[in-house]
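Since the model is a prediction, treat every value here as computed from it, not as a measurement. In this chain, numbering begins with 1 at the start of the sequence shown.
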Amino acid sequence: VQGSGGSGGENLRDPRGAFAKGIPRKTFTSLSVPFTFSCVPLSRPSAIHPLTLEELNVVEQVRVKVSDAESTVSVEFTPTIPHCSMATLIGLSIKVKLLRSLPERFKLDVHITPGTHVSEHAVNKQLADKERVAAALENSHLLEVVNQCLSARS
C-alpha cells in the first residue's frame, strides 16, 4: 500500500504507490482525453527505431477513451506489424506510465487494437492481469527497460 511503513523499499506489487513515490501528484477534478494522451509515452522504445510511437501510429489520441464519471481509461495501441516483438513491452510501458501519471481512482485498460497482432489475446491477457504486471515489474532488468522506454527522448 502506498505510504505504508517498513524498510523504505518500494512495494512492486503496488505499481501506483511504488512508481509514484516522490513524484508530486496533481489534484484532479476531471480527466480529459487530451491530458490522458499526453501521459502516454510517445518516445521511441528503442534506439533502433528513428521514429516515435506516435509517428508510427502505434498510439493515437482517437484510440484513447476516458470516462471520468466511471473512472476508466482505455488505451488501444497498434503494433507496427502483426508479429511485432515489442508489443508486450510497448503495452507495459504505456500501462506503467499511466499508473504513474493518473489518479488512483482510474481503472486502466491497455490493449492491442483488435486484429492487428498475432498474439493479441495473450498480450492483452498479460496487460489486464494485475499480478502478472506486478510480477513483470519485479524483474529488475525488465523494470530498467521499461524505465528507459519512459525516459527516452524523441
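Scanning all heavy atoms of the two residues, the minimum distance from Val110 to Gly91 falls at CG1-O, 3.7 Å. When all heavy atoms of Ala136 and Leu92 are compared, the pair lying nearest together is CB-CD2, 4.3 Å. Shortest non-hydrogen contact noted between His117 and Cys84 is NE2-O, 2.9 Å.
The salt bridge (Lys or Arg N to Asp or Glu O under 4.0 Å) analysis of residues 72-91, with sequence neighbours excluded, yields the pairs Arg63-Glu76.
Taking the side chain as every heavy atom from C-beta outward, Leu127 and Ile94 never approach each other to under 4.5 Å. Annotation: side chain of Pro79 is in contact with side chain of Ile112 (closest heavy-atom distance under 4.5 Å). Side-chain atoms of Leu143 and Val96, non-hydrogen and from C-beta on, never get closer than 4.5 Å to each other. Residues Asp68 and Arg105 are in side-chain contact: their nearest non-hydrogen atoms beyond the backbone lie under 4.5 Å apart.
The side-chain contact (heavy atoms from CB on, under 4.5 Å) test with Leu108 singles out one residue from Val75, Thr72, Val133, Leu102, and that residue is Leu102.
Residues passing the side chain to side chain contact (heavy atoms under 4.5 Å, CB included) test with His141, sequence neighbours excluded: Asn139, Val145. Applying the side chain to side chain donor-acceptor pair (under 3.5 Å) rule to Thr113 yields the partners Thr78; only residues at least two apart in sequence or on another chain are considered. Not a single salt bridge (Lys or Arg N to Asp or Glu O under 4.0 Å) links Glu120 to another residue, sequence neighbours left out. With sequence neighbours excluded, the residues satisfying side chain to side chain contact (heavy atoms under 4.5 Å, CB included) with Asp109 are Ser74, His111. Not counting sequence neighbours, the partners of Glu144 by the side chain to side chain contact (heavy atoms under 4.5 Å, CB included) test are Gln148.
Once rounded to the nearest 0.5 Å, the distance linking CD1 of Ile90 with NZ of Lys95 reads 16.0 Å.
Judged by distance alone, the side chain of Ser119 and the main-chain N or O of Ala122 form no donor-acceptor pair under 3.5 Å.
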